[in-house]
Amino acid sequence: MAITAALLGAFAVLGTALVALTENDTRDLIAQNEREALRRKLNEVIPKDAYDNSITTDTVEATSKPMLGSAKPMTVYRARKQGAPVAAVMTTVAPDGYTGAITLLVAVRYQEETIMGVRVIHHRETPGLGDWIDAERSDWISHFTGHSLSDPDELGWRVVKDGGIFDQFTGATITPRAVVKAVHNSLKYFHAHKDELFGNEAAADGAAGGEHGAE
């Protein structure tokens, strides 16, 4: 019995050591793969030749539940070229999707404050109905590109059924309505805070502390 227990103990120690060794050896590779996956997703909303900085690490956290859809700090990726601001890619949430929150990336051009691209990065909408917001299912999400706070006007930032310019899906109005509202709010947030987002690190850190949550 004692020998069996000792053998089991030895195998347990050996197994734990192997797992720890494997985790240690693959940690950097996993992190690198995650960075590459993030970079590919970011490059769907902002072309990689539009910036020359490390967009995955040049980030700041911003908090505004009314405008960014979450009480948690949301990551903003800053794109620069030769040091000058080009665009911000904001992580934002549409909290009122049909089956839950929808997480988005919204890229806004710095000078013109126009949308460069929008992508859904997480959702649980109904397959065949609400999931048309996904770029892999339809090009609906691309229709935001080029729009701004003034194009269309406030009333236009709605789905067609509500008097706006953005199409809804047959039988699934709630999902596109939530996404349109979230993208519009992202533009509002960017317009109000873009200088802070691209300001010095002290200003950016202040944003991370939730100073933007007063809208």
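Within the 4.5 Å cutoff, the side chain of E113 has no heavy atoms near those of the S148 side chain. Between T92 and N185 the shortest side-chain heavy-atom distance does not fall below 4.5 Å. In this structure, the side chains of E154 and K188 come closer than 4.5 Å at one or more pairs of heavy atoms. Under the 4.5 Å side-chain criterion, counting only non-hydrogen atoms from C-beta, V76 is not in contact with F190. Residues Y77 and T91 are in side-chain contact: their nearest non-hydrogen atoms beyond the backbone lie under 4.5 Å apart. T114 has its side chain out of reach of V108: every pair of non-hydrogen atoms, C-beta onward, lies at least 4.5 Å apart. Looking only at side-chain heavy atoms (C-beta outward), V179 and I141 come within less than 4.5 Å of each other. E61 is listed as a side-chain neighbour of T75, based on a closest heavy-atom distance under 4.5 Å.
W157 pairs by the side chain to side chain contact (heavy atoms under 4.5 Å, CB included) definition with I115, F144, H147, P152, F166, V180, V183, H184, L187, not counting sequence neighbours. By the salt bridge (charged side-chain N to carboxylate O under 4.0 Å, His left out) test, E44 pairs with K41, R119, sequence neighbours left out.
Side chain of T126 to main chain of L129: no donor-acceptor pair is present (N/O by atom type, distance under 3.5 Å, no hydrogens or angles). Remark: the backbone N or O of R109 is not paired with any side-chain donor or acceptor of K194 at under 3.5 angstrom.
A salt bridge (charged side-chain N to carboxylate O under 4.0 Å, His left out) check over residues 136-153, counting only residues at least two apart or in different chains, returns the pairs D131-R137.
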